[in-house]
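Below, read A as the first sequence line, B as the second, and so on, with proteins coming before strands; counting in each chain starts at 1.
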Number of protein chains: 2
Amino acid sequence: MTSDFAPAGTLDARDATRLRVLQCIRSAGTISRTDIARALDSSPATVTSACGALLDAGLIREERRMPSENVQRGRPRVMLQINGEAFAVAGLKVAREAIVVMIVDFRGDEIGSFVSPLEASCMDPDGLVQEVRRALDAACARHGLDTARIAGLSLGIPGFVNGETGFMHWSSSVTERNVDFAPLFRKHLPCPTFLDNDANLVAKAEHLFGAGRGLSNFLVVTLEHGVGMGIILNGELYRGERGCGAELGHMKVQFGGALCQCGQRGCLEAYVGDYALVRDTSTGQQSDAAKSIQDILHAARNGDRLAREVLDRASQILGVALANLVNLFDPEHIVLARSRPPFDHPYTEAMLTSLRRNTVQVDAPLPEITVRNLDEMMWAKGAAALGIEMVTILKIRERGTQDAA
Amino acid sequence: MTSDFAPAGTLDARDATRLRVLQCIRSAGTISRTDIARALDSSPATVTSACGALLDAGLIREERRMPSENVQRGRPRVMLQINGEAFAVAGLKVAREAIVVMIVDFRGDEIGSFVSPLEASCMDPDGLVQEVRRALDAACARHGLDTARIAGLSLGIPGFVNGETGFMHWSSSVTERNVDFAPLFRKHLPCPTFLDNDANLVAKAEHLFGAGRGLSNFLVVTLEHGVGMGIILNGELYRGERGCGAELGHMKVQFGGALCQCGQRGCLEAYVGDYALVRDTSTGQQSDAAKSIQDILHAARNGDRLAREVLDRASQILGVALANLVNLFDPEHIVLARSRPPFDHPYTEAMLTSLRRNTVQVDAPLPEITVRNLDEMMWAKGAAALGIEMVTILKIRERGTQDAA
DNA sequence: AATTTTTATTTTGATCGGTGAAATAATTGT
DNA sequence: ACAATTATTTCACCGATCAAAATAAAAATT
């Protein structure tokens with residue numbers, strides 16, 4: 001049942017403590033044992049023992065502290081930090097035209113990246129896994145890394161994916177439906193491999209390294225061709241019962257409204273997705289087909305009324321959708337990750353105004369909103385973030401069994 | 001910090017185990033120790049000891065088993081069940097015209113109920129608490145109960161309430177905003193008292209006693225004057241960061257749409273709330289003001305086209321809103337609790353069709369939908385459900401400290 | 001320079017919850 | 001009566017955590 005694929009939840013009490021300590025160190029960056037004990041509200045003794053194990057496993061290291069302004073009396077604290085060299089993890093984002101790879105160390109720092117072009121944007125499962133293998137090998141080769149140093153591999157893919165089992169219900173990148181990737185990964189790839197919805201990965205990245213660090217309840221909305229969302233509740237990715245929730249792009253914002261790619265009406269994507277903007281600004285004239293988001297923005301800036309209206313409406317509707325999220329989830333924070341600048345100023349302003357206007361009024365302040373640029377690499381980095389988490393658990397477990405032996 | 005008010009989260013390992021065992025017994029109804037061990041995946045020894053404590057505390061009891069079809073060899077299992085007589089809890093729902101009280105035993109079975117009329121539908125905090133006291137005393141008197149037997153009291157109130165702290169941001173029943181009820185409760189009421197949003201209470205009731213028994217992720221949508229929602233995620237009430245999420249009634253389903261009571265546009269309530277139906281079926285003629293939902297339904301049944309259209313649209317829009325929830329939360333189950341019959345057949349059908357049509361298509365089946373009648377008493381019972389849970393925790397803790405002494 | 005004070009970490013010994021194994025209990029089948 | 005079977009309890013132990021004591025490493029003081 002608990003295969004390689006989903007190692008979480010299988011931690012005994014001791015390993016759970018070690019993991020907590022590790023995560024505390026990671027989120028603090030640099031921290032002493034005493035402060036860890038304080039932060040986790042546990043005894044120094046416990047922290048000492050957990051840190052011992054983590055040091056033995058090579059996952060953290062002691063830092064010879066700066067002789068600087070530590071103007072304190074008493075025995076100086078020994079600072080601990082994540083040992084970046086512990087292992088490397090590859091994050092891969094399967095996009096339309098390429099597989100984007102980012103290799104990061106255990107700290108999450110980039111070691112190198114690589115873009116491996118794809119012949120076809122939609123492949124059969126076996127073909128996809130082989131492309132992944134090719135991308136991984138090429139990325140390692142480019143940066144002079146032995147593929148064996150990669151301790152884990154994490155794959156972000158658009159579509160409905162159950163990140164806990166590796167089962168894919170549907171993806172725009174895969175010809176077949178209902179594929180169990182776990183065995184394919186085991187067969188073709190050299191290290192433990194994890195699969196998740198790409199928006200979930202960005203959420204994970206924000207949670208581990210970005211604006212969501214240390215938060216328990218926050219949302220990440222991704223804005224590119226489509227609109228996606230990752231949900232962190234109680235400090236964990238919420239995946240829904242069947243592993244395919246968070247379909248913000250197909251939230252209906254207008255009853256009987258505009259037609260969406262998915263065949264339904266009034267979906268958010270049908271107003272704010274790239275293709276919707278292109279469609280709605282087209283006037284039936286000449287070069288419309290070639291119109292890009294850039295063109296539309298440009299036109300709007302030059303006073304084109306249609307372009308302005310479409311962008312304005314998109315911003316407002318996006319604000320409504322975010323307001324719906326605030327009304328439903330009441331999160332601490334929302335990260336709005338957009339690929340290209342269609343929602344740049346002044347549209348971000350319009351969006352925020354609409355958000356405020358459509359939120360149920362409580363005296364408590366609204367959740368913070370962070371707008372973040374999201375290039376292709378960020379997706380891959382998000383994948384890597386998940387990989388780090390998963391492999392960390394594997395390593396801690398491994399260590400545990402070694403102790404026992 | 002951890003006052004009387006929110007006893008959860010303050011359980012040590014042992015009490016947590018006891019609580020798990022107790023909840024297992026509750027959700028099973030009648031179960032043997034061996035089966036509990038199997039269900040909780042723990043050792044029989046642990047279960048024995050936990051049950052010992054629970055028996056001592058009088059929270060559960062052994063059932064002399066039926067001599068019936070237990071055609072098994074070996075030592076017969078001793079069945080355990082919740083001891084209803086352990087204590088009583090009062091659930092109160094603050095409605096517009098009355099406070100509805102239900103007194104239940106520890107099993108959740110009704111001991112008696114009472115409706116205590118209110119002079120005013122909106123009171124100052126002190127007045128409200130005194131009305132609560134009056135309602136409690138009257139209910140006890142009616143059923144010949146000593147008020148001292150009530151081990152806990154739980155209050156459901158419409159509005160934005162932080163159920164974990166007892167802090168009320170706003171409620172339609174209270175003249176003031178931002179009231180901390182906890183000290184008022186301590187001052188005027190004879191037993192530990194808890195406060196929560198009324199929709200949360202119905203969710204709790206479904207989780208403990210209704211369609212959500214044993215489920216981890218499900219939603220309860222309440223349909224009456226307004227539209228509310230309770231969210232259970234990972235087996236717990238999700239309250240959002242500021243304790244005021246789940247505002248389904250103000251989810252925008254139509255950009256720039258119909259005007260809502262709240263002053264915003266396109267809210268779900270503005271299409272499916274009682275007052276919206278009345279408004280939208282009014283033709284500017286004579287007795288419109290007196291029109292009731294019953295009248296509208298009746299008119300529709302008799303072929304009135306406007307009434308039909310309005311009800312049809314309401315059903316469809318409700319379906320869209322539920323589809324949004326499915327797309328976002330991917331729950332196991334949704335309970336639709338409606339107070340009066342505006343969404344009876346054939347409108348329930350229309351609603352379900354709309355739900356199906358607006359859900360993102362995955363091969364996995366849709367969550368189950370249960371439609372449930374929700375009379376005023378159910379709200380009170382929901383409140384009682386929360387009360388049972390809270391008091392259970394208090395009792396288990398109490399028992400723990402007794403042991404220590 | 002030696003000593004005191006202060007703070008951080010480790011060691012030690014005790015506690016406690018959970019567990020497996022063995023013992024006991026309560027049946028049915030022979 | 002005795003064997004077989006299943007449920008529960010008892011018991012000895014393990015391992016995680018913790019408080020307290022010991023130790024370590026510095027700064028301040030003498």
Requested in this report: From the options C:dT9, D:dA16, C:dT19, select the nucleotide whose nearest atom is closest to the side chain of A:A13.
Outcome: D:dA16

Query raised in the report: Over how many whole Å does the gap from B:R18 atom CZ to C:dG18 atom C1' extend?
Result: 13 Å

Report task. Find the distance B:R14:CZ to D:dT17:C1' and express it as a whole number of Å. Result -> 15 Å

**Report entry** Between P of D:dT6 and CG of B:D35, the distance in whole Å
**Finding:** 13 Å

**Report entry** side-chain N/O A:T17 vs D:dA16 OP1/OP2, d < 4.0 Å
**Finding:** no

**Report entry** B:R107/B:E85 salt bridge by N-O under 4.0 Å criterion
**Finding:** no

Query raised in the report: To the nearest angstrom, how far is A:R73 atom CZ from C:dA8 atom P?
Result: 13 Å

Report summary line: A:M79 atom CE is separated from C:dT9 atom P, nearest whole Å, by 9 Å

Query - Lys/Arg cation over aromatic B:F181: B:R186, 6.0 Å, 45° cone - result: no

Requested in this report: Whole angstrom is fine here: how far is it from CD1 in B:I36 over to C1' in D:dT6?
Outcome: 16 Å

Requested in this report: Take atom CD of A:E236 as the centre, draw a 6.0 Å sphere, and report whether it contains more than 12 heavy atoms from other residues, nucleotides or ligands.
Outcome: no

Check: protein-nucleotides 22-24 of chain C nitrogen or oxygen pairs below 3.5 Å:
none

**Report entry** B:E63 and B:R77 ion-paired at < 4.0 Å
**Finding:** no

Query raised in the report: Are OP1 or OP2 of D:dT9 and a side-chain N or O of B:T48 less than 4.0 angstrom apart?
Result: yes

Requested in this report: Salt-bridge test for A:D15 and A:R397: reply yes if a basic N is under 4.0 Å from a carboxylate O, no otherwise.
Outcome: no

**Report entry** Touch class at under 4.0 angstrom, heavy-atom based, for B:V47 against every strand present
**Finding:** nothing

Query raised in the report: Are a donor atom and an acceptor atom from the side chains of A:E332 and A:N217 found within less than 3.5 Å of each other?
Result: no

Report task. Could you say whether A:S49 or B:A45 is positioned toward the 5' end of DNA chain D, judged by the nucleotide with the nearest heavy atom to each? Result -> B:A45

Query raised in the report: Under 4.0 Å between a side-chain N/O of B:T46 and OP1 or OP2 of C:dT19, yes or no?
Result: yes

Query raised in the report: Which whole-number value in Å describes the distance from A:R33 CZ to C:dT10 C1'?
Result: 9 Å

**Report entry** B:D330 with A:R239: basic N within carboxylate O range, under 4.0 Å
**Finding:** no

Report task. Return the value, rounded to whole Å, for the distance between atom CZ of A:R77 and atom C1' of D:dA24. Result -> 15 Å

